[in-house]
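One structure is given here, and the rest of the page talks about it.
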Amino acid sequence: MTEICLRGLSFLVAKSSDDLVQSADIATKLGISPTYLSKAFQPLALNGILRSVRGRNGGWILAVDPATTPLARVIEILEPGGRWKKCVIGNSSCADETACPFHFTWKATVDEFCKILDRTMIVGLADFLPPHEPTRS
C-alpha cells in the first residue's frame with residue numbers, strides 16, 4: 001500500500017495543487033483498480049494529506065502544500081509506529097543492549113534515511129514519475 005500511495009502521490013504532485021485527478025486516471029497509470037487506489041489512499045485522506053471528491057467526476061486532490069509537507073509525515077501515516085524501522089532479522093527485542101549482528105548498521109541507515117525523509121518535501125515525488133511511453137501510431 002505504501003508503494004501505491006507514493007506512486008499515486010507522484011502523479012498528484014506533478015499536477016497543479018488545485019487540480020482534481022480522477023481515480024480512474026491514477027489507477028490506470030499505476031496498473032491497479034480504482035477501488036484498490038481508494039483503499040490505499042484512505043489513510044492519507046483521513047490524515048489531511050489528500051481530499052477525496054465523490055461522484056462521477058470525482059477523484060483526488062492534495063489537501064496540503066506539497067512544497068512544505070515532508071515525506072516523513074506521509075511515511076508515518078502509511079507505516080505507523082515506525083514498523084519499517086524494526087530489526088531486519090525479525091528480533092522482537094533489538095536495541096543497543098540486545099543488538100543483533102545488523103543492529104548498529106541498520107540503526108545508522110534508518111537514522112540517515114529519517115533525516116532524508118524529514119528534509120524531502122512531497123513535491124519532490126514528481127521527480128520519480130516513470131518515463132512517458134512513446135505514443136503508438
Side-chain angles (χ1 to χ4, degrees):
M1 291 281 196
T2 299
E3 177 188 347
I4 295 295
C5 286
L6 294 176
R7 291 175 61 212
L9 278 174
S10 71
F11 288 107
L12 287 171
V13 299
K15 303 280 186 187
S16 164
S17 59
D18 297 331
D19 285 348
L20 175 75
V21 182
Q22 292 187 334
S23 295
D25 291 341
I26 300 169
T28 297
K29 289 175 183 172
L30 298 180
I32 62 172
S33 73
T35 302
Y36 190 71
L37 175 74
S38 293
K39 184 177 180 179
F41 271 0
Q42 203 59 39
L44 297 178
L46 290 172
N47 285 280
I49 301 291
L50 296 177
R51 187 169 54 88
S52 66
V53 177
R54 296 185 184 269
R56 185 172 175 218
N57 294 316
W60 298 92
I61 191 166
L62 287 168
V64 295
D65 180 353
T68 62
T69 305
L71 195 50
R73 180 174 170 202
V74 172
I75 297 299
E76 184 55 37
I77 291 167
L78 300 173
E79 300 289 336
R83 61 183 177 212
W84 61 276
K85 300 176 190 178
K86 302 230 186 270
C87 179
V88 293
I89 62 171
N91 288 349
S92 59
S93 174
C94 191
D96 290 353
E97 302 79 29
T98 59
C100 77
F102 300 105
H103 176 73
F104 294 103
T105 301
W106 181 242
K107 181 180 175 183
T109 302
V110 167
D111 288 348
E112 184 59 32
F113 189 59
C114 286
K115 290 176 189 172
I116 292 168
L117 292 175
D118 282 334
R119 68 177 181 257
T120 302
M121 300 302 123
I122 63 173
V123 71
L125 288 172
D127 297 335
F128 297 100
L129 283 173
H132 289 89
E133 292 183 25
T135 53
R136 299 177 191 185
S137 42

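Residues: numbered from 1 along the sequence shown.
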Any side-chain heavy atom of [X] within less than 4.5 Å of one from [Y]?
X	Y	value
M121	L71	no
L50	I61	no
K29	R7	no
R73	L117	no
F11	D25	no

Report task. Could you pull out all residues at least two apart from D96 that satisfy side chain to side chain contact (heavy atoms under 4.5 Å, CB included)? Result ->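 So D96 forms a side chain to side chain contact (heavy atoms under 4.5 Å, CB included) with H103, F104, K107.
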
Point to revise | Trace of the side-chain contact (heavy atoms from CB on, under 4.5 Å) decision for E79 with T2 | key: CA-CA 8 Å; E79 300 289 336; T2 299; 2.5 Å; yes

[X] versus [Y], closest heavy-atom pair with distance:
X	Y	answer
A40	C5	O-SG, 2.9 Å
A24	P34	CA-CG, 4.1 Å
L20	G58	CD2-C, 4.3 Å
V13	P66	CG1-CB, 4.0 Å

Roughly how far, to the nearest 0.5 Å, is [atom2] of [Y] from [atom1] of [X]?
X	Y	atom1	atom2	answer
L9	I49	CG	CD1	8.0 Å
L44	W60	CG	CH2	8.0 Å
I116	F113	CD1	CZ	7.0 Å
I122	L12	CD1	CG	9.0 Å
C100	I89	SG	CD1	4.0 Å
K85	I75	NZ	CD1	10.5 Å

Between [X] and [Y], is there shared hydrophobic-cluster membership here, with clusters defined by ILVMFWY side-chain heavy atoms closer than 4.5 Å?
X	Y	result
V123	V74	no
Y36	I77	yes
L46	I4	no

Query raised in the report: Hey, is the main chain of P43 close enough, under 3.5 Å, to the side chain of N47 for a donor-acceptor pair?
Result: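 Checking the backbone N and O of P43 against the side chain of N47, a donor-acceptor pair under 3.5 Å is found.
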
